[in-house]
Amino acid sequence: NKREVWRVNFALAKIRTAARTLLTLDEKSEQRMFQGDALLRRMIRLGLLLESEKKLDYVLGLTTAKIMERRLQTKVFKLGLAKSIHHA
């Protein structure tokens with residue numbers, strides 16, 4: 001579904017823009033530390049990053065495919081509970 005891809009691309013663009021602006025700030029900046037930690041926690045909670053990837057650089061490395069892998073349809077198909085992605 002193209003609308004779903006567009007939505008994921010838009011969300012990814014917002015996340016990456018936030019990470020990019022935080023990376024331009026000084027490393028000891030209070031805003032970067034607070035908002036950066038919040039962004040990383042959110043990405044870990046959503047399952048997009050691993051616990052070992054707690055850096056803003058990893059947020060910039062996120063792709064549309066990585067987010068699409070988190071969909072329920074994809075999970076059901078990968079587990080073999082459905083014969084096809086459409087069946088899921």
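The figures that follow rest on heavy atoms only: side chains count, while hydrogens, waters and symmetry mates do not.
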Should L81 and K75 count as side-chain neighbours, where that means a heavy-atom distance under 4.5 Å?
no
CG of L49 to CG of L56: how many Å apart, nearest 0.5 Å?
9.5 Å
In chain order, what residues pass the side-chain contact (heavy atoms from CB on, under 4.5 Å) check against L50, with sequence neighbours excluded?
S52, E53
So if you build clusters from Ile, Leu, Val, Met, Phe, Trp, Tyr with side-chain heavy-atom gaps below 4.5 Å, do M68 and V76 land together?
no
To the closest 0.5 Å, what do you measure between OG1 (T21) and CD (Q35)?
7.5 Å
Between I15 and L25, is there shared hydrophobic-cluster membership here, with clusters defined by ILVMFWY side-chain heavy atoms closer than 4.5 Å?
yes
Look at the side-chain heavy atoms of Ile, Leu, Val, Met, Phe, Trp and Tyr, link any pair under 4.5 Å apart, and say whether F10 and V5 land in one connected group.
no
May I ask you to decide if L40's main-chain N or O and K54's side chain share a donor-acceptor pair within less than 3.5 Å?
no
N/O donor-acceptor pair under 3.5 Å between R70 side chain and L46 backbone:
yes
Same cluster (ILVMFWY, side-chain, under 4.5 Å), L23 and F34
no
What salt bridge (charged side-chain N to carboxylate O under 4.0 Å, His left out) pairs are there with at least one residue in residues 20-43, not counting sequence neighbours?
none
Linking I/L/V/M/F/W/Y whenever their side-chain heavy atoms sit closer than 4.5 Å, directly or via other members, would L12 and L22 fall into one cluster?
yes
Quick one: which residue pairs count as a salt bridge (charged side-chain N to carboxylate O under 4.0 Å, His left out) with a foot in residues 1-16, not counting sequence neighbours?
E4-R7, E4-R71
